[in-house]
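Notes to accompany the following structure.
Sequential numbering from 1 along the given sequence is applied to the chain's residues. Below, each value reflects all heavy atoms present in this structure, side chains not excepted, and no hydrogens, waters or symmetry copies. Because the structure is a prediction, the values reported are computed rather than measured.
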Amino acid sequence: MSLLQMHYTSAPPGPDGSGFRFTAVSPGVPHAVLREAEQLVGYEPPRDAPARPTDDELGAFPEMFGFTRLSDGSGLLSRTVYTGADYSGRWGNFHAHALLVPAGETLPDDLPPIAMWGAAEWTDRSPEGGAPPPLERLTPGLPGGLGATLTAFAAEAGPRLAALLADLRRLAEDPQAPQVVIAEQDSRDVAHWLIVACAALPRDVARNLTFTTYTRRPQHARHQVVGVRPEDARAVTGQLHRYAVHDRSDPRAAPPATDDAWALTAAAVWAAGANALFKSARDLPGAGPFAAGPLAALALARGVPVPAGAVAEAARWAADHPRALDETALEAFLRAVCEEGRPGALAPDALAGLLAAFRDTVPLAVTAPVTARLVAAAVHDRAATPPPVPPGALPEPYRTRLTGELGEPVRAGIATPTTPLRRVGGLLTTARALGVEHEDLLPGLAERLCRRVLDRAGADAHSVRDVPDVLAASEPLRVRFLDLLETRAADDPPAVARALRAVPLPLDGPLDPPGDRPHLRLCAAAREPDPGTGNRTAVLRELRGAAGVDGAPPTPMVLRTALALVWPDRTQTAAEASALLDDGAALHQAAGTWDDLVAAAIEAPASDSDAPLLAKRLLAEGVEALGRSVVADLKLLSLVHALQHPDGDPSVPHGGLVHRVQGLSHNARPAVQRRAAHALALLLLRPQRPAEEMKAFAESNDPTLIDAYDKAARSPVLTDFLAAPHRVADCYVVWTSHERVGPLWELTRTGLLEEVLRPVVRRLPDDQVRAAADLVARQAPSRRAAFEEWCRPAGGMRQLFRRLGGGRRPDKAQEPRWGDVRPPREGGR
């Protein structure tokens with residue numbers, strides 16, 4: 001590039017006049033630029049400068065180096081130095097060498113203007129010839145050893161540098177922000193400030209920053225950064241809305257405070273001598289203007305301490321750009337953000353989010369610092385749950401260090417009964433990952449989990465739901481726990497089934513043989529008992545199939561568990577008990593469920609028609625298998641079955657039924673006695689009854705038997721059948737027989753004639769009454785007349801003849817009252 005040159009100084013008289021003027025200008029510099037530049041390059045010595053300085057004193061005068069943006073958009077880069085007396089020997093001469101940077105162009109290598117402060121091309125006198133050619137080369141360069149000087153300078157500046165950078169950021173983001181005034185005794189220190197600042201500033205901001213390293217009148221300066229001597233800074237001090245003054249001359253004055261994370265981070269980087277990180281940070285993705293995150297991340301990876309607020313920004317940036325740093329730098333960065341005691345060290349929650357951002361993105365070994373820090377923090381925090389540790393996430397030396405640090409806290413947490421289950425699961429995972437010995441703690445933990453699952457009243461619902469996670473953390477623990485629960489399932493299946501419905505547990509694992517723990521599998525497959533279910537044997541079949549125990553005949557204990565789950569109240573119906581008996585009496589006797597089958601028979605309600613047959617089947621298994629207290633009940637129930645099926649049961653005895661019922665009833669339960677009496681009554685009410693039994697029944701004078709007969713005869717079922725002539729005849733013959741054999745029968749038969757049979761006869765048509773009389777004559781010829789007399793109304797023979805002969809019925813007023821009719825004596829007397 002070509003930079004047009006301008007030299008301005010005090011010149012001797014000549015064609016162009018005398019005094020201060022441009023003495024040498026490259027061709028092509030516009031006059032407007034010259035006029036504007038003349039106002040910018042003038043030099044005013046310090047107030048205390050000597051009038052006629054020696055050569056040594058001359059070197060102590062401030063150097064005015066600056067960059068100004070001109071009205072046409074071009075830039076003026078200038079250096080003005082004091083040269084002492086002018087051509088006439090008068091005091092106050094200076095020389096300004098300026099370069100014109102065309103609008104829209106940058107300096108070589110896109111360097112900021114302050115980088116040209118030490119360029120070799122700057123001269124202290126005008127060239128001969130008056131018209132220097134454009135400068136084709138401007139070599140950036142700093143005086144030798146300045147790098148170390150700048151580092152020391154920045155380290156000494158500390159908070160002041162951060163405050164200056166924060167003010168420069170405000171200027172870049174808001175053109176109306178206050179001008180920055182730097183007060184230094186030596187203008188070289190102002191240049192140092194600017195070099196340090198521009199190294200940290202974004203490229204665009206640094207190359208467009210306007211400044212001057214020295215002026216006597218800062219209030220007239222148009223630059224963004226103005227360098228002054230301390231005595232001249234007083235003119236702008238206290239005007240905070242216009243000037244941000246940075247003055248190191250008073251060591252007692254506190255540096256300006258700032259909370260700008262970028263500025264604080266940049267100051268820390270300079271103080272550590274790691275200014276090369278500024279360029280590296282600019283090349284990172286997501287490194288926007290004044291972004292603290294990338295710079296802080298690089299600094300932390302290099303071991304540079306950064307302010308607390310910058311650590312969080314670095315973590316957020318790293319999470320958003322997980323591949324931006326190489327693995328070595330990333331691991332170093334993660335070690336830094338995990339370091340306890342470091343200002344701004346990330347809390348566990350933030351570290352967990354950071355770790356999640358790197359999952360499946362970088363190798364687990366790279367994120368080992370975060371994993372180790374999270375595990376350690378969670379183990380030491382009794383309210384936290386240690387995170388899972390995937391294989392390879394804790395390589396050496398992290399694993400060995402954590403094992404020594406966390407071994408005892410891990411064991412204590414597992415062994416403490418009050419440790420929340422979720423935390424226990426995390427501790428088990430940690431113990432396995434670190435190789436911490438804990439197998440001796442598993443039996444007690446398994447017992448505790450078992451009690452927690454089964455204690456429905458005292459268990460916390462949330463902690464119970466954590467049991468599967470705890471079991472998943474340790475296969476040996478899962479095996480021990482399920483073995484314990486298998487024992488509980490055999491002892492109290494309904495309780496375990498209720499627990500498993502609330503907490504689904506992993507029943508299968510690599511250490512479990514197929515079909516293992518049948519009691520527990522039955523409990524896991526059991527449904528909530530439904531009282532409205534009909535025959536529950538189908539439910540039993542489904543349960544055994546779902547549990548995988550339906551192949552071979554069940555063992556007695558497995559059978560007992562299955563029955564307890566389907567019939568938790570242990571009350572099968574007689575039909576269900578009959579179906580269960582198909583498994584064999586010996587199996588039920590071994591299982592302890594035999595008594596339930598017996599109870600299903602003898603405790604069945606009278607409406608259960610399957611109970612008598614069940615009793616018969618139970619007796620067939622052998623009386624020795626039955627308790628003496630129930631043998632009479634079962635025999636009586638078995639007799640009931642015979643009474644209910646007299647035609648189809650070859651075992652029905654011939655004769656002596658009444659006496660057998662009476663004999664067996666002495667040791668039977670009242671309910672079974674009543675059932676047998678009812679069955680006998682129904683048999684005796686049948687037309688095909690054993691004739692001799694009716695006589696034995698009437699003569700028994702047994703209140704239970706006779707009362708059952710009376711109730712059965714009065715039941716709606718029988719009275720409906722009485723409308724048939726043959727039933728009328730049969731009941732009349734029976735109920736007029738065995739007169740005065742006993743008071744109970746006498747009272748019963750009389751009541752049945754008057755209260756049951758007579759109302760039926762009164763409703764029958766005349767032809768059916770005549771048919772009933774004929775049937776009575778066939779069964780007992782001597783009783784026809786008595787039947788006809790018994791049927792006679794109270795109005796006399798004429799009404800009876802009319803009825804029997806088909807005459808008209810008497811008037812309603814002449815109908816007999818029910819109480820006027822008396823039953824005839826046996827034989828028609």
Side-chain angles (χ1 to χ4, degrees), residues 327 330-342 345-449 463 466-481 506 509-511:
E327 292 182 5
L330 180 58
E331 184 178 359
F333 163 73
L334 294 178
R335 281 199 305 270
V337 298
C338 294
E339 184 179 343
E340 292 187 80
R342 175 189 290 271
L346 297 182
D349 288 346
L351 287 174
L354 189 60
L355 184 61
F358 291 115
R359 185 174 294 118
D360 303 326
T361 304
V362 298
L364 288 174
V366 174
T367 58
V370 181
T371 303
R373 178 73 181 94
L374 287 174
V375 170
V379 169
H380 290 304
D381 183 357
R382 296 183 180 181
T385 300
V389 183
L394 285 176
E396 298 297 347
Y398 297 99
R399 186 173 182 271
T400 300
R401 177 175 61 81
L402 287 179
T403 301
E405 175 188 348
L406 305 179
E408 285 306 315
V410 166
R411 285 181 54 84
I414 295 173
T416 302
T418 56
T419 303
L421 292 187
R422 184 178 294 275
R423 175 171 166 80
V424 171
L427 292 173
L428 288 170
T429 300
T430 302
R432 188 175 67 249
L434 299 182
V436 175
E437 183 68 30
H438 64 285
E439 284 72 14
D440 57 315
L441 306 176
L442 297 183
L445 178 57
E447 183 68 36
R448 194 172 96 207
L449 294 177
S463 65
D466 292 334
V467 170
D469 293 335
V470 178
L471 300 179
S474 172
E475 181 65 20
L477 173 65
R478 189 189 68 83
V479 171
R480 290 178 179 272
F481 168 78
L511 303 184

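- The shortest non-hydrogen separation linking V375 to L406 is CG1-CD1, 3.8 Å.
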Could you tabulate the donor-acceptor pairs under 3.5 Å formed by side-chain atoms of residues 358-368, not counting sequence neighbours?
from : atom 1 : to   : atom 2 : distance (Å)
T361 : OG1    : R359 : O      : 3.3
T367 : OG1    : L364 : O      : 3.0

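- Without hydrogens or angle criteria, T429 side chain to G425 main chain gives a donor-acceptor distance under 3.5 Å.
- Residues G413 and V424 share a closest heavy-atom pair of O-CG2, 4.4 Å.
- Using a 4.5 Å cut-off on side-chain heavy atoms (C-beta onward), V436 and T430 make no contact.
- Side chains of L351 and V337 form a contact here, defined as non-hydrogen atoms less than 4.5 Å apart.
- L471 has its side chain within reach of L449: a pair of non-hydrogen atoms, C-beta onward, lies under 4.5 Å apart.
- Note that the CD atom of E339 and the CZ atom of R373 stand 10.5 Å from one another [nearest 0.5 Å].
- Taking 4.5 Å as the limit, some side-chain heavy atom of L428 sits within range of a side-chain heavy atom of L442.
- Remark: the backbone N or O of D381 is paired with a side-chain donor or acceptor of R423 at under 3.5 angstrom.
- R399 CZ to T371 OG1: the interatomic distance, rounded to the nearest 0.5 Å, is 14.0 Å.
- With a 4.5 Å cut-off on side-chain heavy atoms, P506 and R478 count as touching.
- Remark: R382 CZ is loosely packed, at most 12 non-hydrogen atoms of other residues, nucleotides or ligands lying under 6.0 Å away.
- In plain terms, the two heavy atoms of R411 and E437 that are nearest each other are NH1-O, 2.6 Å.
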Can I get a per-line list of side-chain donor-acceptor pairs under 3.5 Å for residues 385-398, giving both atom names and the distance, sequence neighbours left out?
from : atom 1 : to   : atom 2 : distance (Å)
E396 : OE1    : T400 : N      : 3.2
E396 : OE1    : T400 : OG1    : 2.5
E396 : OE2    : T400 : OG1    : 3.1
Y398 : OH     : E331 : OE2    : 3.2

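- At distances below 3.5 Å, not a single donor-acceptor pair connects side-chain atoms of R480 with backbone N or O atoms of E447.
- Minimum interatomic distance between P409 and V379 (heavy atoms only, all atoms of both residues): CB-CG1, 3.6 Å.
- Closest of all the heavy-atom pairs between R448 and T416 is NH1-O, 3.0 Å.
- Of the possible donor and acceptor atoms, none in the side chain of R422 sits under 3.5 Å from a partner among the backbone N and O of D469.
- Taking 4.5 Å as the limit, some side-chain heavy atom of L334 sits within range of a side-chain heavy atom of L354.
- Taking the side chain as every heavy atom from C-beta outward, H380 and E405 approach each other to under 4.5 Å.
- The closest donor-acceptor contact from the side chain of T403 to the backbone of L434 lies under 3.5 Å.
- Atom CG of L445 is separated from atom OG1 of T419 by 9.5 Å, given to the nearest 0.5 angstrom.
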